[in-house]
Amino acid sequence: MDYRKRFLVEPGSKVKLAGIDPAYAPKHLSETEAKDETEKHRESIAKVQDLMYAEAQHSLLIVLQAMDAGGKDGTVRHAMSTFNPMGTTVTSFKRPTAEESKHDFLWRVHPHAPAKGMVAVFNRSHYEDVLVVRVHNLVPRDIWSKRYDDINEFEERLYRESNTHILKFFLHISKEEQLERFKSRLDDPSRNWKISEDDYKEREFWRDYVDAYEAVFRKTSTSNAPWYIIPSNHKWFRNVAISQIVASTLEELKIQTPEPQVDLERIRQQYHQAVEEEANRPLKKKTKAKK
Ligand code: AMP
Ligand code: MG
């Protein structure tokens with residue numbers, strides 16, 4: 001199944017989250033099969049990423065958004081073990097610091113946009129400025145309501161100027177699944193640290209977050225920076241869907257091994273000359289391998 005087609009938010013369309021089953025997984029796909037398929041996509045992603053790094057013409061930005069406990073951290077961990085760390089950055093966006101709050105909302109975001117050749121992953125993002133900010137009226141409506149246009153313009157600029165391909169994933173879980181995950185955070189001491197004072201308070205605003213997300217999908221899914229709504233109650237399904245979408249987006253770029261920047265013939269001569277010099281060097285001067 002082509003998950004890119006299936007989970008894409010068509011630009012301009014009105015999506016209702018209530019109409020999308022967060023527990024969806026294809027009937028005939030077992031968890032084991034999904035994991036095998038995910039592995040294949042990961043290999044493909046790794047190959048293209050190497051080429052992207054070498055070529056240094058394209059870049060990829062992956063934006064992850066979700067309700068609390070939606071699986072952003074797990075997705076980052078999964079994605080990161082696919083990407084070569086040398087060509088990848090991850091940025092988590094928290095409540096703005098005092099300094100960040102004194103600037104426009106994109107000020108703290110722009111420096112983390114990927115340079116050509118790089119992959120950047122955003123764990124939360126500039127979308128918080130039209131999500132949590134809208135739900136809790138952290139700035140006047142007059143300000144946040146103009147940010148959708150700012151975001152579209154910003155993302156369009158990244159694409160135009162730095163060839164940044166943007167994939168935005170909403171990890172869609174049900175309210176019940178969230179509670180399950182809160183429980184496992186309580187029950188498992190190694191996960192206690194993930195519990196936040198705000199978890200249950202924010203849960204009461206679920207409906208408002210749904211409205212805020214639906215506005216985001218309607219206003220900011222564009223052909224160059226599309227949103228995908230990924231059913232995420234099953235982590236294994238979330239992983240296969242996201243890895244397929246990333247792999248197929250990258251493959252479509254058809255990145256070739258870059259031409260060498262040097263005169264290969266001349267370098268080859270230098271190599272042969274070095275080999276000859278090495279062969280003619282007096283034996284005692286050669287470094288002996290230590291026992
Ligand atoms: P976590 O992702 O669990 O570490 O939590 C980060 C917290 O920072 C969440 O409660 C977010 O809603 C909050 N946050 C992120 N960006 C913003 C923002 N621009 N304004 C206000 N709160 C934010
Ligand atoms: Mg949290």
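All ligand and atom numbering here is 1-based and tracks the order in the structure. Starting from 1, each residue takes its place in the sequence as its number.
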> Taking only residues two or more places apart in sequence, or in another chain, which ones meet K35 in a salt bridge (Lys or Arg N to Asp or Glu O under 4.0 Å)?
Replying inline: E31
> Is N123 reaching over with its side chain to a backbone N or O of F93, donor-acceptor style, under 3.5 angstrom?
Replying inline: no
What donor-acceptor contacts under 3.5 angstrom involve side-chain atoms of residues 224-232, with partners at least two apart or in another chain?
unit_1: W227; atom_1: NE1; unit_2: T220; atom_2: OG1; d: 2.9
unit_1: S232; atom_1: OG; unit_2: H172; atom_2: N; d: 3.4
unit_1: S232; atom_1: OG; unit_2: I230; atom_2: O; d: 2.7

> What residues sit with at least one heavy atom under 4.0 Å from ligand 1?
Replying inline: F93, K94, R95, P96, R108, R124, E128, D129, V132, V133, L138
>> Donor-acceptor pair, distance only, cut-off 3.5 Å: does the side chain of N163 make one with the backbone of Q57?
In response: yes
>> Suppose we call two aromatic rings close when their centres sit under 6.0 Å apart. Are Y3 and F237 close by that rule?
In response: yes
> Which residues pass the salt bridge (Lys or Arg N to Asp or Glu O under 4.0 Å) test with E10, sequence neighbours left out?
Replying inline: none
